[in-house]
*Asks:* 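Attaching a single structure in structure tokens format; questions to follow.
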Amino acid sequence: MRYSRLLIPTLKEAPAEAQVASHVLLIRSGYMRKVAAGIYSLLPIGLRVVKKIEQILREELIRSGAQEVLLPMVHPAELWIESERFQKYGPELLRLKDRKQADFVMSPTAEEAMCDLVRRDVKSYRQLPLNLFQIQDKFRDEMRPRAGLMRGREFIMKDGYSFHSTVEDAQREYHNMFDAYVRIFKRCGLEFRAVEADTGAIGGSMSHEFQVLAESGEDSIVSCSKCDYAANVEKAELRRQAPAASAPAAAIEEVHTPGKGGITDVVEFLKEPIDQFVKTLVYVADGKSVIALVRGDRDVNELKLKAVIGAEKLELATEKTVFEVTGAPIGFAGPQGRSVPVFADLEVAAIASGITGANKKDYHVRGFHLGRDVPAAKVVDLRVAAGGDNCARCDGGSYRPYRGIEVGHVFFLGIKYSKPMKCNFLDGDGQEKPMVMGCYGIGVTRIAAAAIEQNHDQDGIKWPMALAPFQVEIVTAGKEPELAEVAEKLEQALEQAGVEVLYDDRDERAGGKFKDADLIGIPLRVTVGKRGLAEGKLELKTRGQKEAEWVAIDAVASELQRRVAQALGRA
RNA sequence: CGGGGCGUGGCGCAGCCUGGUAGCGCGUUCGGUUCGGGACCGAAAGGUCGGAGGUUCAAAUCCUCUCGCCCCGACCA
């Protein structure tokens, strides 16, 4: 492919709107352009990357027994009303009306549409199992789209759904898909972890996220230093070792802390270690107020709290409710003497002489002791796991913290959707039953962004071979016709050998071509220059490596072919 | 949705506080010199200053409203 014929509008300066590396580079390097917030056009090389990713997904999923279909992007509202998600999904679901004022939605996911497809044509256990996937644009009207392709509103997602006659078979397929995902992300050249995850609004009982490790990731995960347990912090279990409750060390006494509501303010003001503070948070669970206590340096894991209470809905109390419960503004709450249920984290019980709010504006208390001052408190695991915590699954291991970008998610759904959608089949015993389902998603465009987050430097992108829009770039350094001649011959030889090659034939100075080549991030670069040509050699350089090598002209094509194959793991 | 910020040629920005009719760098076009890590010289094209209303002799600049975009937070198959 000739560079001069491609639209690759690179920019010398970073666009003002972009903050994270992948966003900056995708725009600077001419891969995409913004159309509206969270909505982008893919340019030629951007689309090539997406097609590469899609192809890997297709190959691995089909190899695993899944079949590709394509459902509509616009779904009739009836389907979403059937599953009750039309009401429950919230403003993220983009709703539209047609000319007859009938309701439709732009699909953010396709459980309903897929169930609808299957229930019409699949009636017997003999037709199961079935695993159907599609690669399609999705739309989610995010409150805050950000970071380019990482969290767009319109994005490309692979979503797959499997249908089974038994739970066991659905579980088998869950593991089958899990294995396929591992192969997929390995082939994409990504460093990732499969982590246990919360099932969220989609429901179900078993779930893993595939997280690409990157500092800029939105998710926090922990991974055991010793065993293979890894989990999203939303989900991560903690060792059930109740630290011994200590005896009270001091009498409770009020201290004046004018205007120091926030935990960091009080810590700074009182000059005590943060782990001697008790954070008191008021929540409303199914309409009733509760108090949750964690150490000052910890966070409440709301999922754990919800589970302990057995609540359907849980949210932080408003300022008004906090005042009703504590008699003080936010920032001065304490659990002592309150009439609502108190749930305390294990660590809070170990504090002998803590500091917490006095339930009085501008006052805290010292000498707080949970067992003495709030005897009715339930002591449970309530906090978010953090780096350094002991592993819940093995002895001696501890958690290492990572940031992750979620690129894939597998769910065991059970009959959450098949039941309300009446996606039933006739079993061998003559009984009609809802199908047991699994669902499996991969963010296609997000993979591109994640790959860049993991593979870039100051000069630009460093694509893994499998995702690069081209595998080799040829640059001529100079205008002599013999350089172009050699370059053209090499281009032909590589194309014949099945190597994807970009030939920069532009009438530009060598420096400019090199800069663009680094920016675009093609893994292998060949420079045709008169210095080397005089000796019958070409300069071969790997993106990201400092020194170049000189290879005899005749050997270059086969050498490149070999390296590409090697990088793709097919050597 | 709460908080903060920004909208000025294609891109990055200055000008705004203290109103006087728009400027810089990059890019683009033309001519010339250059030619292996974003060259130089000379010419040129290109802007309803996000939009609407208001104040004023006069508005990019002041006021009101509105739209868009970015960041932090809350939220999230």
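Protein chains get the first letters and strands the later ones, always in sequence-line order, with residue 1 at the start of each. The structure displayed is predicted, hence computed values, not measured ones.
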*Asks:* If we take the C1' atom in both B:U55 and B:C63, what is their distance in whole Å?
*Replies:* 7 Å
*Asks:* Taking atom C1' in both B:G3 and B:A60, what distance in whole Å separates the two?
*Replies:* 28 Å
*Asks:* What contact category does A:K34 fall into here, base, sugar-phosphate, or nothing, at under 4.0 angstrom with non-hydrogen atoms?
*Replies:* sugar-phosphate
*Asks:* With a 3.5 angstrom cut-off on both distances, give the Watson-Crick or G-U wobble partner of B:A43, or none if there isn't one.
*Replies:* B:U29
*Asks:* Look at all strands and tell whether A:R28 reaches a base, only sugar-phosphate, or nothing, counting heavy atoms closer than 4.0 Å.
*Replies:* base
*Asks:* Using the C1' atom as the reference point in each nucleotide, state the distance between B:C71 and B:A14 in Å, no decimals.
*Replies:* 23 Å
*Asks:* If we take the C1' atom in both B:C49 and B:A43, what is their distance in whole Å?
*Replies:* 27 Å
*Asks:* For B:C41 and B:C35, measure between their C1' atoms and round to the nearest Å.
*Replies:* 16 Å
*Asks:* With a non-hydrogen cut-off below 4.0 angstrom, is A:D518 in contact with a base, only sugar-phosphate, or nothing?
*Replies:* base
*Asks:* Just to be sure I understand the rule, does A:E508 reach a base, reach only the sugar-phosphate, or reach nothing, if contact means heavy atoms closer than 4.0 Å?
*Replies:* nothing
*Asks:* Does B:C72 have OP1 or OP2 sitting under 4.0 Å from an N or O in the side chain of A:R144?
*Replies:* yes
*Asks:* Between the side-chain atoms of A:R525 and the base atoms of B:G37, is any donor-acceptor pair under 3.5 Å?
*Replies:* yes
*Asks:* Using purine N1 to pyrimidine N3 plus N6-O4 or O6-N4 for Watson-Crick, or N1-O2 and O6-N3 for G-U wobble, each under 3.5 Å, what pairs with B:U18?
*Replies:* none
*Asks:* Would you say the side chain of A:R146 and the base of B:C70 hold a donor-acceptor pair, judged only by whether the two atoms sit under 3.5 Å apart?
*Replies:* no
*Asks:* Return whichever of A:E92 or A:A37 has its heavy-atom-nearest nucleotide of RNA chain B closer to the 5' end.
*Replies:* A:A37
*Asks:* Indicate, with a heavy-atom threshold strictly under 4.0 Å, whether A:L519 touches base, sugar-phosphate, or nothing.
*Replies:* base
*Asks:* Tell me which nucleotide among B:G37, B:G25, B:G38 gets nearest to the side chain of A:T10.
*Replies:* B:G38
*Asks:* Can you tell me, in whole Å, how much space there is between the C1' of B:A59 and that of B:A22?
*Replies:* 13 Å
*Asks:* Is the phosphate of B:G27, meaning OP1 or OP2, less than 4.0 Å from a side-chain N or O of A:K12?
*Replies:* yes
*Asks:* Step by step, would you call A:Y31 with A:W463 a ring pair (Phe, Tyr, Trp, His ring centres under 6.0 Å)?
*Replies:* CA-CA 13 Å; A:Y31 282 84; A:W463 285 115; 5.7 Å; yes
*Asks:* Measuring only between side-chain heavy atoms, which start at C-beta, is A:I461 closer than 4.5 Å to A:S29?
*Replies:* yes
*Asks:* Ring-plane angle category for A:F210 and A:F192, please: parallel below 30°, perpendicular beyond 60°, tilted otherwise.
*Replies:* tilted
*Asks:* If I pick the P atom on B:A58 and the same atom on B:U21, what distance separates them, to the nearest angstrom?
*Replies:* 15 Å
*Asks:* When you compare the side chains of A:T109 and A:E111, does any donor N or O come within less than 3.5 Å of an acceptor on the partner?
*Replies:* yes
*Asks:* Taking only the P atom of each, what is the distance from B:G15 to B:G23 in whole angstrom?
*Replies:* 16 Å
*Asks:* Could you point out which residue of A:L190, A:I442, A:V407, A:D179 forms a side chain to side chain contact (heavy atoms under 4.5 Å, CB included) with A:I184?
*Replies:* A:I442
*Asks:* Kindly indicate whether the side chain of A:V105, heavy atoms from C-beta on, has any atom under 4.5 Å from the side chain of A:Y89.
*Replies:* no
*Asks:* Write down the partner of B:C76 under the Watson-Crick or G-U wobble criteria, each distance required to be under 3.5 Å.
*Replies:* none
*Asks:* Checking all strands, does A:A18 fall into the base, sugar-phosphate, or nothing category for heavy-atom contacts under 4.0 angstrom?
*Replies:* nothing
